[in-house]
Amino acid sequence: VGESGQNKLLPCGSSSDAAIKDFKKKFRAKTKNAWENRDDFQVYSGKYTLIEMDHGGEDDEEDIE
């Protein structure tokens with residue numbers, strides 16, 4: 001968590017459908033889970049897992065003196 005990873009830009013033209021298809025394919029390859037089933041995410045050995053993150057906001061900050 002918090003580490004910079006690899007990245008790769010793929011040409012998708014103006015097609016959001018192509019970009020979404022590529023993302024879902026990569027998500028399945030890395031996690032062994034379908035993006036559509038992420039609410040029932042299963043953890044597999046040697047694969048990426050989902051991490052819930054609280055990005056916070058102005059309402060979540062505590063006053064520190």
Side-chain angles (χ1 to χ4, degrees):
V1 177
E3 295 291 325
S4 294
Q6 298 177 4
N7 59 65
K8 180 178 179 182
L9 294 176
L10 298 173
C12 294
S14 61
S15 172
S16 61
D17 290 337
I20 291 168
K21 182 179 176 184
D22 285 344
F23 171 80
K24 289 179 179 181
K25 182 178 176 182
K26 180 62 77 172
F27 186 85
R28 181 179 282 283
K30 295 290 186 179
T31 67
K32 215 173 168 183
N33 286 271
W35 176 250
E36 295 81 4
N37 299 333
R38 65 191 176 278
D39 290 335
D40 188 31
F41 191 89
Q42 301 294 313
V43 177
Y44 293 94
S45 178
K47 295 291 183 179
Y48 288 9
T49 188
L50 287 180
I51 298 174
E52 289 188 35
M53 297 179 70
D54 180 4
H55 296 282
E58 291 181 28
D59 296 336
D60 295 338
E61 294 179 12
E62 294 182 26
D63 291 331
I64 300 175
E65 294 181 23

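Since we're looking at a predicted model, the values are computed, not measured.
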Inset, instruction - Taking all heavy atoms of A19 and all of C12, pick out the closest pair and write down the distance. - result: CA-SG, 3.6 Å

Inset, instruction - Please name the pair of heavy atoms, one in Y44 and one in T31, separated by the smallest distance, quoted to 0.1 Å. - result: CD1-O, 3.6 Å

Please round to the nearest 0.5 Å and tell me the distance separating atom [atom1] of [X] and atom [atom2] of [Y].
X	Y	atom1	atom2	answer
N37	Q42	CG	CD	9.5 Å
K26	L10	NZ	CG	8.0 Å
K24	W35	NZ	CH2	9.5 Å

Inset, instruction - Check for a donor-acceptor pair, side chain of K47 on one end and backbone N or O of A29 on the other, with a separation under 3.5 Å. - result: yes

Legend entry - Connected via hydrophobic side-chain network under 4.5 Å: V43 and L50: yes

Inset, instruction - Report the C-alpha separation of N33 and F27 in whole Å, then their side-chain angles, then the decisive distance to 0.1 Å, and conclude whether the side-chain contact (heavy atoms from CB on, under 4.5 Å) test is met. - result: CA-CA 7 Å; N33 286 271; F27 186 85; 4.2 Å; yes

